[in-house]
Amino acid sequence: MDYFVEDVKKHRVVMIYRGLGPEECLAFTEVLKETGIRYFEVTLNTPGAMESIKLMKDRFGSEVSVGAGTVLTAEQVKEVADAGGAYIISPNMNEDVIKTTKQLGLYSIPGAFTPTEIVRACEVGADMVKVFPINVVGAEYIRQLRGPLEDIPFMATGGVKLDMVEGLFKAGTDAIGLGVHLLGKEWVETKNWDELQASAKRFLRAAGYTEGGLAL
């Protein structure tokens, strides 16, 4: 657990693939990993999600870490484990999902919003908590949570735009979940790799990501 959390904190951004097919996931990962993004989430409400996870794991191996998002049931956790996913991200706090995730040796990032939900998620085994949806409350919500919950690792997600990123980290988030379309919907649709890389680097700089000790 400690290595996983510390590595997510180091890399700052979890890239979320929703609505991309398996070959698209491979192509986007090939491009975005060169910017320093290591963590990639494929949401299970995307057609072919399990195939995408398996293909990404087979293609990139230890170069990236691949997990599943929008995981709502314990049965889905088992399917992700069989496909080679390393972590489970959910929009909600489901105790069966968390416990099954840990039983199968995967990392758990459930979604929670209130202090009660966040603490309970950790009590049943969460490695990190996804504070969701963050765009409706902003960075100040993270700052307020950090007062009493100073040691719980947070990943803020849900409509994170570039102008929010620096404030979220200053307020105390440890990572952000970023939908690939937020890098630029038109660049995603046209597969403009240069602009996508440039946008990803802007998000990473705002997040304070450094590579080799040097800011991007």
Side-chain angles (χ1 to χ4, degrees), residues 7-49 51-53 55-57 59-60 63-70 85-87 89-91 109 111 128 130-139 142 154-171 173-212 214-216:
D7 202 54
V8 174
K9 288 180 179 181
K10 172 185 173 183
H11 286 88
R12 304 281 179 146
V13 171
V14 177
M15 185 60 63
I16 303 166
Y17 291 155
R18 189 185 304 276
L20 297 183
E23 292 302 322
E24 289 180 304
C25 287
L26 289 175
F28 278 85
T29 303
E30 186 69 56
V31 170
L32 293 173
K33 73 183 180 65
E34 299 304 321
T35 68
I37 295 173
R38 173 182 170 84
Y39 287 87
F40 295 88
E41 166 195 342
V42 182
T43 67
L44 294 194
N45 58 351
T46 294
E51 182 183 358
S52 295
I53 291 169
L55 288 174
M56 290 167 68
K57 178 66 176 174
R59 170 79 64 86
F60 301 110
E63 290 184 82
V64 303
S65 184
V66 184
T70 318
Y87 52 91
I89 302 179
S90 302
I109 309 178
M128 175 176 270
K130 166 180 162 176
V131 182
F132 170 83
I134 196 59
N135 67 336
V136 297
V137 287
I142 295 290
F154 290 155
M155 183 177 81
T157 187
V160 176
K161 294 182 174 61
L162 181 60
D163 60 3
M164 299 171 60
V165 175
E166 184 176 359
L168 284 169
F169 281 93
K170 286 183 176 178
T173 197
D174 297 294
I176 57 171
L178 177 64
V180 70
H181 288 84
L182 292 174
L183 294 177
K185 187 176 180 181
E186 66 278 23
W187 302 327
V188 170
E189 291 174 350
T190 61
K191 296 181 174 58
N192 187 328
W193 302 134
D194 289 342
E195 292 294 347
L196 275 166
Q197 282 192 326
S199 181
K201 287 180 179 179
R202 285 192 288 271
F203 274 90
L204 288 166
R205 278 195 295 268
Y209 172 77
T210 60
E211 187 174 11
L214 299 175
L216 290 170

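Keep in mind it's a predicted model, so treat the numbers as computed, not measured. Atom set for the values below is all heavy atoms of this structure, side chains included, hydrogens, waters and symmetry mates excluded.
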>> I want to check something: taking the side chain as every heavy atom from C-beta on, are V137 and I134 in contact at a cut-off of under 4.5 Å?
In response: yes
> Do E30 and F60 have side-chain heavy atoms sitting under 4.5 Å apart?
Replying inline: yes
>> Quick check on K57: does its NZ atom have over 12 non-hydrogen neighbours (other residues, nucleotides or ligands) under 6.0 Å away?
In response: no
>> Return the CG to CE distance between L162 and M164, rounded to the nearest 0.5 Å.
In response: 10.5 Å
>> Please give me the minimum heavy-atom distance between F132 and P91, naming the atom from each residue.
In response: CD2-O, 3.8 Å
> For K10, does the NZ atom have more than 12 heavy-atom neighbours from other residues, nucleotides or ligands under 6.0 Å away?
Replying inline: no
> Under 4.5 Å between any side-chain heavy atoms of T173 and V131, yes or no?
Replying inline: no
>> Could you check whether any side-chain N or O of Q197 sits under 3.5 Å from a backbone N or O of V31, counting only pairs where one atom can act as donor and the other as acceptor?
In response: yes
>> Ignoring hydrogens, what is the shortest heavy-atom contact between I37 and A200? Give both atom names and the distance.
In response: CD1-CB, 4.1 Å
>> Parallel, tilted or perpendicular: which one describes the rings of W193 and F28, with boundaries at 30° and 60°?
In response: perpendicular
> What distance separates L183 CG from E195 CD, expressed to the nearest 0.5 Å?
Replying inline: 11.5 Å
>> Quick check: closest heavy atoms across G48 and P22, and the distance to 0.1 Å?
In response: O-CG, 3.8 Å
> What closest approach, in Å, do V160 and L182 show between heavy atoms, and which atom pair accounts for it?
Replying inline: O-CD1, 3.2 Å
>> Return the CD1 to NZ distance between I89 and K130, rounded to the nearest 0.5 Å.
In response: 6.5 Å
>> Rounded to the nearest 0.5 Å, what separates atom NZ in K201 from atom CD in E34?
In response: 9.5 Å
> Do any N or O atoms from the side chain of D174 and from the backbone of M155 form a donor-acceptor pair under 3.5 angstrom?
Replying inline: no
>> Quick one, V8 with Y87, criterion side-chain contact (heavy atoms from CB on, under 4.5 Å). Give me CA distance, side-chain angles, the key distance, then yes/no.
In response: CA-CA 11 Å; V8 174; Y87 52 91; over 6 Å; no
>> Counting only heavy atoms not in E166 (residues, nucleotides, ligands), do more than 12 fall under 6.0 Å from its CD?
In response: no
>> To the closest 0.5 Å, what do you measure between CG (D7) and OH (Y39)?
In response: 3.5 Å
> With a 4.5 Å heavy-atom cut-off, do I142 and F169 have their side chains touching?
Replying inline: no
>> Can you confirm whether more than 12 heavy atoms, excluding those of K185, are under 6.0 Å from its NZ atom?
In response: no
>> With a 3.5 Å distance limit and no angle check, can you tell me whether E24 reaches the backbone of G21 through a side-chain donor-acceptor pair?
In response: yes
> Should R18 and H181 count as side-chain neighbours, where that means a heavy-atom distance under 4.5 Å?
Replying inline: no
>> Are L32 and F40 packed together at the side-chain level, in the sense that at least one heavy-atom pair is separated by less than 4.5 angstrom?
In response: yes
> Hey, are T43 and N45 close enough side-chain-wise for a donor-acceptor pair under 3.5 Å?
Replying inline: yes
> How many angstroms lie between CD1 in I16 and OG1 in T157, if you round to the nearest 0.5 Å?
Replying inline: 3.5 Å
> Do you know which two heavy atoms are closest between T35 and Y209, and how far apart they sit?
Replying inline: O-CE2, 4.2 Å
>> Contact between L204 and V13 at the side-chain level, heavy atoms closer than 4.5 Å - yes or no?
In response: yes
>> For a 4.5 angstrom cut-off between non-hydrogen side-chain atoms, does Y17 reach S52?
In response: no
>> Looking at every heavy atom in both I53 and A68, which two are closest together, and how far apart are they?
In response: CD1-CB, 3.8 Å
>> Whether the side chain of R12 engages the backbone of A207 through a donor-acceptor N/O pair (distance < 3.5 Å, no angle test) should be reported.
In response: yes
